[in-house]
Each structure stands twice: as C-alpha cells, then as structure tokens.
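What follows is a short report on a single structure.
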Protein chains: 2
Amino acid sequence: MRTYGQFCALAKALDVVGDRWTLLIVRELMLWKRARYTELKSGLPGIASNLLSERLRELEEAGILTREDAPPPVAATLYALTERGRSLAPAIRALGRWGAPLLAQAPKTDEVRGHWVGLPVELYMTDAKPTAPPMTLQVRTADYPVTLRIGNGEIESEIGTAARPDATISGPAREVLRVLLKRTTLAKAKASGVTYRGDRSVLARLKPAA
Amino acid sequence: MRTYGQFCALAKALDVVGDRWTLLIVRELMLWKRARYTELKSGLPGIASNLLSERLRELEEAGILTREDAPPPVAATLYALTERGRSLAPAIRALGRWGAPLLAQAPKTDEVRGHWVGLPVELYMTDAKPTAPPMTLQVRTADYPVTLRIGNGEIESEIGTAARPDATISGPAREVLRVLLKRTTLAKAKASGVTYRGDRSVLARLKPAA
DNA sequence: CAGCATCCGCTTTGATACTG
DNA sequence: CAGTATCAAAGCGGATGCTG
C-alpha cells in the first residue's frame, strides 16, 4: 500500500480511504448494509472487476469491512461494514454536502442508480413530525427498489421492498430525488414522469435538515 | 480530468478533490492562509514538483483556490483558498477525526512539520474560558513557528511569530502536539525535550472539544 | 531562487477475457 | 455468480533542466 508517510490525521485517513473508488465502495455498503459482489459492482458503474476485488481485500485488512460466507442455500460472499467502517459516515456526509452543489451541472450522461437516492435523503432530510407514528415510503426507479422509513425523528433507507408502504413514488431517479429533496413540487415532477400513489402526508414528513 | 460519471454528490466531490495529494494541498492552504509554491512543497514531503503544479492548476480551474502575484518587492505567486475552498473544512475535519486514531501506530519514520500542529488543535480543542481575554501561545518546533490565538471561545492558528506571546512551547513536534491535545502532561513531556516558558494559564485554556 | 516543464521508470488503473 | 488473469493506458515519483 502506498502511504503518504506523514504524521497527520488527514494523511492517515487518506492512506486508508484515499484510493480511487474506495469511498464509493463504502457508500455502497452504507446503502446495502450487506451486499454481494455483483450488487456492489452494479452500484459502481465503471469499476474494473479486479479493482473491486483488490479494494475489498484492502478494506478488509484495514478493518473497514468484513466478508462472510452466506448460509448454504445461496452460497455467496456477503460484505458488510464494521463499526469502524460505519464511523466513516460523518466524513462521507461532509464530502457529500460539499459536492451536492455540483449535481446541478451534472451532465445527462451521468450514471444513476435508484438506490443512491437513499443516501441524500438520509443525509439532508429529517422527520418533520418526530412524534407521529412511523411511516414507510416505497421508492421505485429503474433498478433496485428502496424503502424509506420515516419516524422518531429519523429517516432510514433500505434497499428492497416493504410489505405495506404508506405511499409509493415512482419515476426517473433524478426526478424522484428532486421531489424527495423538495427541489421541486410533485405537481411539476409529474410532467417528468414521476407518479405518486398513497398517503400524501408521508411526503410532507420530509423536511430539509438545517 | 478523470471523473466517475455518477449522479451522486459524493462522487462529484471526489471528482474534484479525490485525486492523490489534493486534499493535503487544501490542508496546507488552510494552515498557511496564503502560501507560495515552495512553502506548499515544504509542507507536502514526497510530492513531485510537476504534480504540485498540475494540482494547483486543476484546483484553480475548479474554483478552490486563487493564484495572485505578490507585490513587486518579492515577486512570487501566492496561493490562497477561495470561499468554496474553505468550505471543505468540515470534510477535512471529519476525515481527520476518523484518521486520528491511526496516529497512535504511526511509524517513527513519518514526516512531521511543525505547522501541522495547528490543524488538530483547531479541530479538536476549544477555548475553556470563552469570556476571559484572548491569549497567545507561540509554538516552536524544528521548522516554521506557529502562533495560536485562544479567545472568544475559538482557537485560531497562524504560521509565523507573535510579537508578545503570553507563553511559548518548544520541542519536537510530535511531543508538543501531545501536550497541546492533553494526551500527556507538561511535566512528563519535559523528559522528551518539551520546554514551556510563560503563563501557564494559556495551556489551561485548551480543552478537548466534545 | 521560485515556479514550473520535460523525461523516464515504475505503479496503479481500466477493459476485457477467462475460470471454478 | 464471484471473482482471477492479462495487458495496455494512464498516473505518479524522482531527477533534471529551463526561464524569469
């Protein structure tokens, strides 16, 4: 491993997570909680297969993630963050907040994944009615579905479907994200292909966090 | 410039500051406020000269820093962060906090620069007596001197000497840093070559920030 | 001397192919 | 599906040279 060899906390952090793709792999694991190799690859468009496998090995050695063999029926390796890995959340949040304004000028050719919407919603939005009973919003875009659980003042995102969501929002990921982040209204977004079914008050519970 | 091509705030941030050395250059500019090329290079041991010049050009294009020619007498280029560049502070802080535990196992061969102590002190310490009049601590290590101004609940570090500091701490950078971060006592540090002259209450004003 | 630009050998990354 | 193998291209580090 190439290191900076500097007695500096920032340099030490970059020694571990400063390589290309590394923080994006951590992002994927934050969203997936537990993911298999191909799921990670699908969320990292453009990564070379050998690079992903090399990074996963380095991150395991650094104690950022663990690999565990799934139980017999499916026979696969599952990757998950360790506590140390999850503690990267503040850094990812800070970098994400810094980078968010750049999304406005993002080229249309940028790759989008439906499950990415979970990250900004968790990072930038909060529960507007912490004392109300928890609600569930199902997000459906082109690829993986995402379930948002809003309650107790917190928002959690999880990849997958919910049994009985209070509402469902569907459409192109970029437009759906704009609605969830309150960058546009549902009415305007409908023209861009966004549809919403169910309880409108779920959407009303999303509030920008400071 | 190589980009990830992902519609994701984190990826966008890494497109700009994810290259090798880039965040360390920003760190240097946070400490120097305004620095010339050779000053930057001295704080980035190991960087190739052409890489530094390339990164500076990229960062200027990205609006992270500006370059201005110093007034005639000295004829040099001065680099300084823009507001956008300074807004990377939360990200650097978060990454630094994450990396700090790794310093404990840092090899003795790691490079150290005296002015680096300014960063952790600004990031992790706070003014224990916000209402007391401001005080000044002069830090002297092998290379550049650093002035710490403690007052109004804040700590500011600046490279350079103060006219009449309330106290002066000198010695090897690593040991001085341990004293300032309260990882050891002044008495114990004296055995490692740390000396302290002046008002002891300056040191008492440094308190770990949460 | 400050601030690069050039050249060269080495390492890392990217794209694709291949295997249990 | 979950990687490993291969190889070309790009990036990096170190040395050196150039220009005010």
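Naming convention: chains lettered A, B, ... in sequence-line order (proteins, then strands); numbering from 1 in each chain.
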Identify, with sequence neighbours excluded, every residue that meets side-chain contact (heavy atoms from CB on, under 4.5 Å) alongside [X].
X         : value
Ala209(B) : Thr126(B)
Thr184(B) : Arg178(B), Val179(B), Lys188(B), Ala189(B)
Val16(B)  : Trp98(A), Leu102(A), Ala62(B), Ile64(B)
Arg93(A)  : Arg97(A), Leu123(A)

message: Contact list please: residues 40-62 of chain B against DNA chain C, heavy atoms, distance less than 4.0 Å, in numerical order.
response: Ser49(B), Asn50(B), Ser53(B)

- line: Per the under-4.0 Å heavy-atom filter, residues of residues 5-26 of chain A near DNA chain C come out as Arg20(A), Trp21(A)

- prompt: In this structure, are over 12 heavy atoms from other groups packed under 6.0 Å from Arg34(B) atom CZ?
  reply: no

- request: Evaluate whether atom CZ of Arg84(A) has more than 12 neighbouring non-hydrogen atoms of other residues, nucleotides or ligands under 6.0 angstrom away.
  value: yes

- request: Give me the bend of the helix from dC1(C)-dG20(D) to dG20(C)-dC1(D), using the axes of the five pairs at each end, rounded to 10°.
  value: 20°

All N/O pairs under 3.5 Å across the protein-nucleotides 8-10 of chain D interface:
none

query: Does a side-chain N or O from Thr38(A) land closer than 4.0 Å to OP1 or OP2 of dA2(D), or not?
result: yes

query: So does Glu58(B) pair up with Arg55(B), basic N to acidic O under 4.0 Å?
result: yes

message: Closer than 4.0 angstrom, basic N to acidic O: yes or no for Glu39(A) and Lys41(A)?
response: no

query: What nucleotide, of dC4(C), dA2(C), dG3(D), holds the atom closest to the side chain of Tyr79(A)?
result: dG3(D)

Atom pairs and distances, side-chain donor-acceptor, residues 164-176 of chain A, under 3.5 Å, sequence neighbours left out:
from: Asp166(A); atom 1: OD2; to: Thr136(A); atom 2: N; distance (Å): 2.8
from: Arg174(A); atom 1: NH1; to: Pro107(A); atom 2: O; distance (Å): 3.4

field: For Tyr4(A), ring pair (Phe, Tyr, Trp, His ring centres under 6.0 Å) partners two or more places apart
entry: Trp21(B)

- request: Determine, using ring centers only, whether Trp32(A) and Tyr144(A) are less than 6.0 Å apart.
  value: yes

Please tabulate, for side-chain N and O atoms in residues 148-159 of chain A, each donor-acceptor pair with protein atoms closer than 3.5 Å (sequence neighbours left out).
from: Arg149(A); atom 1: NH2; to: Glu158(A); atom 2: OE1; distance (Å): 3.1
from: Ser157(A); atom 1: OG; to: Glu122(A); atom 2: OE2; distance (Å): 3.4

field: salt bridge (charged side-chain N to carboxylate O under 4.0 Å, His left out) involving Asp127(A) - partner list, sequence neighbours excluded
entry: Arg205(A)

